[in-house]
**Student:** 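Structure provided below as structure tokens; questions to follow.
These numbers were taken from a predicted model, which means no experiment stands behind them. Letters go in sequence order (proteins before strands), and every chain restarts at 1.
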Amino acid sequence: MMLKIDNLHVRVAGKEILKGLTLGVKAGEVHAIMGPNGAGKSTLGNVLAGRAGYEITQGSVEYNGANLLALEPEQRAAEGVFLAFQYPVEIAGVNNTYFLKAALNAQRKYRGEAELDSMQFLKSVREKLRVLHISDELLHRAVNAGFSGGEKKRNEIFQMALLEPKLAILDETDSGLDIDAMKLVADGVNAMRDPQRAFIVITHYQRLLDYIVPDFVHVMVDGRIVESGDKSLALKLEEHGYAWIAERKLAGVA
Amino acid sequence: MATERSQIETALSRRYDAGFVTDIESDSLPPGLSEDVVRAISARKNEPDWMTQWRLSAYRHWLTMLPPHWAKLDIDPIDFQAISYFSQPKNRPKSLDEVDPKLLETYDKLGVPLHERARLAGVAVDAVFDSVSVGTTFRKELADVGILFCSMSEAVREYPDLVRKYLGSVVPTGDNYFAALNSAVFSDGSFVFVPKGVRCPMELSTYFRINARDTGQFERTLLIAEEGASVSYLEGCTAPMRDENQLHAAVVELVALDDASIKYSTVQNWYPGDENGVGGIYNFVTKRGDCRGARSKISWTQVETGSAITWKYPSCILRGDDSTGEFNSVALTHHRQQADTGTKMIHLGKNTKSKIISKGISAGRGQNTYRGLVKIEKGADGARNYTQCDSLLIGKKCGAHTFPYIEVKHPGAIVEHEATTSKISDDQLFYCRSRGIAEEDAVSMIVDGFCKQVFKELPMEFAVEAKKLLEVSLEGAVG
Ligand SMILES: Nc1ncnc2c1ncn2[C@@H]1O[C@H](COP(=O)(O)OP(=O)(O)OP(=O)(O)O)[C@@H](O)[C@H]1O
Ligand SMILES: [Mg+2]
């Protein structure tokens with residue numbers, strides 16, 4: 001098991017958001033997480049990536065057999081955890097290419113690998129740009145500064161392609177993308193699918209899952225996974241909405 | 001996020017690599033200031049009588065003045081009688097070859113090459129230790145093309161006509177409180193004269209070092225570029241770490257005649273005091289350039305990271321028609337440091353242009369003030385100014401303030417002003433960290449991006465230096 005989340009309880013600003021979440025992800029798998037606004041999906045992504053301000057009150061997260069929660073965010077990144085942000089952050093004045101090179105080399109250094117020189121780095125950049133059909137104009141700009149919503153999301157996927165993580169968490173990367181851009185993003189993800197790599201894809205739209213076909217679909221409501229299934233679960237959700245799950249749960253309890 | 005903030009508060013630490021003391025015997029005047037002290041300084045420097053009289057009249061003027069209080073600075077009163085106004089290493093050398101090895105070692109440790117390495121680096125250096133210059137490199141090579149580069153003390157003795165003609169012609173002795181004090185007791189500094197039509201073949205630089213306890217440093221620098229001459233000059237400054245505040249009150253005068261250009265860069269790293277604001281240098285400086293000739297150009301670039309208090313406004317008087325003034329500044333305040341800095345651009349001539357780029361960075365409890373004046377006089381047809389004033393805040397307890405004064409007396413003047421304030425946010429830091437970049441590296445990356453516009457104005461080697469200095473100065477500013 002690459003990622004093993006067990007009975008995870010998390011408080012944010014004194015309020016419990018994750019309320020006993022359990023999830024296992026094996027290398028090579030793609031898991032989709034769906035669920036209503038405010039269910040705690042982004043919270044899960046942030047906790048996995050190591051954002052400060054989240055209090056873990058119970059439960060555990062193991063990543064490749066070790067306690068993930070004990071690592072600093074930059075260590076997690078170097079160990080292969082990648083979060084594509086729901087809202088990518090702008091960093092004015094810092095060149096996008098420079099940023100990526102610093103990130104990649106910091107990770108390589110941590111792992112005891114040789115740092116890439118500019119030539120090697122640019123070669124890798126060009127390759128990924130070609131696969132993702134991203135204009136290199138974005139590379140000359142500051143990190144996400146003045147990028148359109150869609151450009152920001154595609155930049156996240158570009159970063160993922162370059163950093164080659166082992167566990168990629170995509171938080172609503174499809175939101176705000178037009179249909180062509182969404183296909184490109186899906187192509188980018190599919191090109192990276194690999195027996196050694198796992199994805200957690202958070203989305204509101206089953207449409208994305210037509211392109212990135214998941215092995216599992218989970219429904220998260222109020223800080224817990226309340227239903228898991230295969231791709232067909234997403235179709236049922238699309239048809240009946242989340243109320244259907246809630247009703248089924250209530251019926252089950254009664 | 002809450003945890004990150006409390007870390008910011010507790011983990012404030014800072015390395016100051018230049019904070020060592022050189023154990024060298026010095027010959028100092030006892031603390032205190034009087035006409036006798038002024039005479040004594042003049043006598044030790046074997047100055048001609050006109051110089052002594054010049055100092056005395058400045059001193060008398062100073063006695064009638066009050067310290068300025070308009071800056072946004074919190075300054076404990078200075079006891080001018082507790083300061084020694086002159087200190088020099090015993091055994092003064094006659095040439096660089098005779099310089100005490102301890103002194104050479106000091107400059108070596110600071111990365112300032114006075115010997116063979118200087119030749120490789122291709123930068124001429126004047127090294128000022130406490131009140132005196134201990135040596136100037138490349139003098140002969142420069143003299144061959146007619147450039148005079150020596151200490152101010154030597155210039156007073158060897159080139160009295162030039163000194164008399166220009167000294168005090170840009171910053172009059174009674175210009176302000178600290179300039180008057182400096183005029184009375186100034187110790188050493190550099191003198192540069194680039195004659196008509198000569199482009200200086202190398203960078204000139206002065207390295208100021210305060211070493212002795214309870215002394216002040218009163219640097220006086222005079223730089224003249226005659227018609228069509230050009231020169232690039234750089235100064236650096238450091239001091240030991242001490243619990244008491246030490247005073248550095250400098251005056252720098254630049255004169256550019258027709259078609260001359262002067263580029264003056266400063267990397268100021270005086271001891272800033274500790275994280276609680278104990279110790280550090282009071283850096284009260286008057287720097288002014290006079291674009292006296294037509295089409296002349298003066299450009300100030302400063303990177304101010306040190307000093308407990310910085311009070312300085314390198315300015316340009318754009319007297320000549322078509323002359324240009326520039327001010328590029330990065331000022332950083334961390335812990336309890338305070339800076340009130342900026343520039344004055346006084347447009348007198350026709351078609352005069354000025355550009356101001358100010359980048360203020362505040363961290364810890366640092367207070368950073370930009371104070372600038374753009375003045376366009378009646379006769380300045382076609383005058384233009386562009387001012388850009390950016391502030392970057394790191395943490396919640398620091399402050400940034402801007403006071404851009406504009407006085408326009410010509411209806412056709414074009415004055416543009418842009419200002420921004422940004423913060424290094426937790427979101428930005430987390431974003432960088434989630435990509436594998438450690439927090440301190442993320443901060444220096446963002447700071448570096450913020451300062452790029454100014455760094456590119458520095459000579460290459462010094463841009464690298466300045467970048468490193470900012471990194472060290474910001475250590476412990478986050479997490
Ligand atoms: N820093 C915070 N302070 C207070 N409440 C927070 C904070 N972060 C998240 N929350 C709350 O936690 C809950 C879950 O938020 P989260 O962003 O994880 O939801 P989500 O499932 O990603 O929703 P969406 O589909 O809208 O993106 C929300 O009610 C949100 O308001
Ligand atoms: Mg979300």
Side-chain angles (χ1 to χ4, degrees), chain A residues 12-14 45-46 48-55 71-96 98-111 141-145 152 155-156 159-160 162-165 168-169 171, chain B residues 1-11 330 357-361 388 390-396 418-456 467 470-471 474 478-479:
Chain A
V12 181
N46 285 329
L48 293 178
R51 192 187 201 110
Y54 294 84
E55 191 195 344
L71 300 181
E72 296 295 328
E74 58 271 27
Q75 294 174 317
R76 299 181 195 196
E79 295 286 354
V81 177
F82 179 89
L83 172 66
F85 284 52
Q86 182 173 2
Y87 304 107
V89 182
E90 301 195 4
I91 310 177
V94 176
N95 174 276
N96 210 6
Y98 181 83
F99 174 79
L100 282 170
K101 188 171 172 224
L104 184 60
N105 278 336
Q107 291 196 15
R108 292 181 68 94
K109 195 170 165 192
Y110 174 92
R111 296 192 291 256
R141 307 232 300 254
V143 180
N144 292 324
K152 282 182 186 168
N155 194 33
E156 294 290 287
Q159 292 186 20
M160 175 181 78
L162 202 71
L163 296 172
E164 302 181 329
I169 305 145
D171 191 355
Chain B
M1 265 160 269
T3 52
E4 233 164 77
R5 280 303 156 206
S6 65
Q7 274 174 320
I8 289 178
E9 281 144 32
T10 50
V330 167
I357 308 285
S358 162
K359 304 274 181 177
I361 303 164
Q388 182 188 332
D390 299 324
S391 307
L392 183 67
L393 303 172
I394 306 173
K396 290 203 172 97
E418 283 177 29
T420 65
T421 300
S422 49
K423 261 181 71 89
I424 296 190
S425 67
D426 293 338
D427 284 349
Q428 287 177 328
L429 291 179
F430 175 61
Y431 190 70
C432 294
R433 295 181 74 188
S434 78
R435 298 300 181 247
I437 301 168
E439 195 159 58
E440 297 224 309
D441 296 333
V443 170
S444 49
M445 195 163 78
I446 296 169
V447 167
D448 208 44
F450 179 74
C451 300
K452 216 172 351 190
Q453 227 179 333
V454 171
F455 284 176
K456 76 175 172 33
K467 199 176 138 174
L470 280 195
E471 271 168 31
L474 278 172
V478 288

**Student:** What distance do Leu429(B) atom CG and Arg51(A) atom CZ have between them, rounded to the nearest 0.5 Å?
**Tutor:**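 Going from CG on Leu429(B) over to CZ on Arg51(A), the span is 10.5 Å.
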**Student:** Heavy-atom cut-off 4.5 Å, strictly under: side chain, backbone, both or neither for Cys451(B) against chain A?
**Tutor:**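 It is neither, since no heavy atom gets under 4.5 Å.
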**Student:** Say whether Tyr87(A) and Asp427(B), considering side chains only, have a donor N or O and an acceptor N or O under 3.5 Å apart.
**Tutor:**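 No.
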**Student:** Sort out for me which of Ala92(A), Gly50(A), Ala78(A) touches chain B most, counting heavy-atom pairs under 4.5 Å.
**Tutor:**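 The candidate making the most pairs under 4.5 Å is Gly50(A).
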**Student:** What's the spacing between Ser434(B) OG and Arg76(A) CZ if we round to 0.5 Å?
**Tutor:**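 Rounded to the nearest 0.5 Å, the OG-CZ separation comes to 11.0 Å.
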**Student:** What's the spacing between Leu83(A) CG and Phe430(B) CZ if we round to 0.5 Å?
**Tutor:**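 Separation between the atoms: 6.0 Å.
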**Student:** Quick one: does Gln107(A)'s side chain have a donor or acceptor within less than 3.5 Å of a partner on Arg435(B)'s backbone?
**Tutor:**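 Yes; judged by distance alone, with no hydrogens or angles, the pair exists.
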**Student:** Exactly one of Val94(A), Ile91(A), Asn95(A) should register a side chain to side chain contact (heavy atoms under 4.5 Å, CB included) with Met445(B). Which one does?
**Tutor:**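 Exactly one candidate clears the test, Val94(A).
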**Student:** Using non-hydrogen atoms and a 4.5 Å limit, figure out which bit of Asn144(A) sits close to chain B: side chain, backbone, both or neither.
**Tutor:**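 It is the side chain, since no backbone atom gets that close.
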**Student:** Taking side-chain hydrogen bond (donor to acceptor under 3.5 Å, both in side chains) as the test, write out the residues that go with Glu90(A), two or more places apart.
**Tutor:**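 Only Lys152(A) meet the side-chain hydrogen bond (donor to acceptor under 3.5 Å, both in side chains) criterion with Glu90(A).
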